[in-house]
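All of these numbers come straight from a predicted model, not from anything done at the bench. Both counts, for ligands and for their atoms, begin at 1 and track the order of listing.
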Amino acid sequence: MESKVEDRQRERRAGIRHEVAIFSGKGGVGKSTFTANLALALSVKGYRVGVLDADLHGPSIPKILGMRGRRMEGGEEGGAPVEGPTGIKVVSLDFLLPDDRTPLIWRGPIKAMAIKQLLEEIQWGELDLLLIDLPPGTGDEPLSVMQELPEMDGVLLLTSPSELSALVVGRAVSFARKMGVRILGIVENMSSFTCPKCGERVRIFGEGGGRKVAEEFGVPFLGEVPLDPDLSGDSDRGEPFLLKRPESPAARAFLELAGRLEEELGLRKG
Ligand code: ADP
């Protein structure tokens, strides 16, 4: 017989139609920046979107969406997500830590428990899609999130164009496959840079690393996001990039990728 707690947890997540995790073989490829802006793009398209910031060591989604300093309220029925720009519902450890200087020195099992609670003790309400920003790499933390999400629709693998990252992504592909998780596709971040003076598009790290690795592993290649100093500057300042510069090539790339995800998942609006 299943416990009441499990029933309650299932009920809480019953309003979530799709769950997709964003995954990268290593840190620093722009996973949080990507997740936050993809969420904005889907929300602008009219979907009800939630973001779970499961990167416990560097919970940066609130900063990128301009939500630093907000607090998550807990109640008898569990915590409620914090509403961000365009109504995105966000859950992050950042809303629970007392201040910036508090280091997180939890060990593996505690981290797994924290992620489980962030997933299950939250009243998400009705969502068309929940995006989960996974901790980087192929270690215990992404593993425990994936184990908690057996019905997840799949993962998006984010890579940057250097060969090294492509190799690391290869490892991540094998990891996801071993976990039995569907890989929705690979996205290449920081793929090219357009010179603001002359308009020339430069591929600093060379051509097509993401596409190559996608072909190598038989995974769909979903597209790329260019390198844009404004994306990093705005995100650091807590100004939601996609809303501020909707006409920029990077914003258009996020909207296109949101379109690809709509197709892959057969998304419907609430
Ligand atoms: P991760 O979550 O993978 O560790 P972040 O999202 O924190 O990576 O991004 C790492 C750094 O790269 C941040 O300073 C971010 O602003 C920057 N960044 C990410 N994507 C881009 C991009 N397409 N163009 C410019 N800067 C980017």
Side-chain angles (χ1 to χ4, degrees), residues 20-41 51-68 84 88 90-94 100 104 111 115 131-139 141-142 145 155-162 164-169 171-172 175-176 186-196 201-206 208-211 213 222-258:
V20 169
I22 323 297
F23 185 39
S24 68
K26 62 169 200 167
V29 302
K31 193 168 44 58
S32 304
T33 310
F34 173 79
T35 307
N37 282 279
L38 182 66
L40 286 170
V51 180
L52 172 63
D53 187 1
D55 192 344
L56 299 185
H57 287 284
S60 47
I61 297 283
K63 183 190 75 182
I64 299 165
L65 291 176
M67 298 168 71
R68 286 303 315 272
I88 296 175
V90 182
V91 167
S92 171
L93 207 66
D94 190 56
D100 282 355
L104 198 59
K111 281 190 274 189
I115 290 172
L131 294 179
I132 301 153
D133 185 12
L134 286 182
T138 48
E141 288 168 57
V145 180
V155 291
L156 283 179
L157 273 179
L158 192 68
T159 177
S160 71
S162 72
L164 176 65
S165 272
L167 277 179
V168 176
V169 165
R171 218 174 293 144
F175 177 78
I186 288 182
V187 176
E188 185 176 326
N189 188 27
M190 309 195 222
S191 60
S192 61
F193 177 71
T194 302
C195 171
R201 193 154 164 251
V202 187
R203 286 188 172 268
I204 300 161
F205 301 102
R211 192 179 288 280
V213 84
L222 295 186
E224 35 185 62
V225 178
L227 195 121
D228 184 339
D230 287 331
L231 177 50
S232 127
D234 289 350
S235 303
D236 275 348
R237 285 188 296 272
E239 296 170 6
F241 169 82
L242 188 119
L243 303 180
K244 192 174 167 193
R245 306 176 203 270
E247 297 304 326
S248 64
R252 285 206 301 270
F254 286 120
L255 286 160
E256 256 171 50
L257 285 160

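- Proximity of Phe175 to Val155: side-chain heavy atoms (C-beta onward) are nowhere separated by under 4.5 Å.
- Residue Thr33 holds its OG1 atom at 12.0 Å from CG of Leu38, rounded to the nearest 0.5 Å.
- An N or O contact shorter than 3.5 Å is missing between Leu227 and ligand 1 by distance.
- Counting heavy atoms from C-beta on, the side chains of Leu40 and Phe254 never come closer than 4.5 Å.
- Between Pro226 and ligand 1 there is a heavy-atom distance shorter than 4.0 Å.
- With Lys31 contributing its side chain and Leu134 its backbone, the two residues share a donor-acceptor pair below 3.5 Å.
- In this structure the side chain of Phe23 reaches within 4.5 angstrom of the side chain of Thr138, judged on heavy atoms.
- When heavy-atom distances to ligand 1 are checked against a 4.0 Å cut-off, Ser24 has no atom that comes that close, whether in backbone or side chain.
- For atom 17 (C) of ligand 1, the nearest protein heavy atom (residue, atom name, distance) is Ser232 CB, 4.0 Å.
- Regarding atom 18 (N) of ligand 1, its nearest protein heavy-atom neighbour is Met190 CE, 4.1 Å.
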### Task
For side-chain contact (heavy atoms from CB on, under 4.5 Å), just list the numbers for Thr35 and Leu131, CA-CA rounded to whole Å, side-chain angles, deciding distance to a tenth of an Å, and then say yes or no.
CA-CA 7 Å; Thr35 307; Leu131 294 179; 4.1 Å; yes

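- For atom 25 (C) of ligand 1, the nearest non-hydrogen atom from the set Asp236, Asp228, Asp53 comes from Asp228.
- Where the criterion is an N or O separation shorter than 3.5 Å, residue side chain and backbone included, Lys31 meets it with respect to ligand 1.
- Between Thr33 and ligand 1, a contact under 3.5 Å exists for at least one N or O pair.
- Checking each of Ser235, Ser60, Ser92 against Ser32 for a side chain to side chain donor-acceptor pair (under 3.5 Å) leaves exactly one that passes, namely Ser60.
- The atoms of ligand 1 that sit less than 4.0 Å from any heavy atom of Val29 are 3 (O).
- Residue-ligand proximity: Gly28 is placed with a non-hydrogen atom under 4.0 Å from ligand 1.
- For ligand 1 and Ser32, the ligand atoms under 4.0 Å from any heavy atom of the residue are 2 (O), 6 (O).
- Looking from atom 20 (N) of ligand 1 to the surrounding protein, the closest heavy atom is Asn189 ND2, 2.9 Å.
- To the nearest 0.5 Å, the span separating CG on Asp53 from CD1 on Ile132 amounts to 11.5 Å.
- Not one N or O of Gly27 is nearer than 3.5 Å to an N or O of ligand 1, by distance alone.
- Polar contact with ligand 1: absent for Leu231 (N/O pair, distance under 3.5 Å).
- Ile61 is not listed as a side-chain neighbour of Asp55, based on a closest heavy-atom distance of 4.5 Å or more.
- For CZ of Arg211, the number of neighbouring non-hydrogen atoms (other residues, nucleotides, ligands) closer than 6.0 Å is 12 at most.
- For atom 11 (C) of ligand 1, no protein heavy-atom neighbour is present inside the 4.0 Å cut-off.
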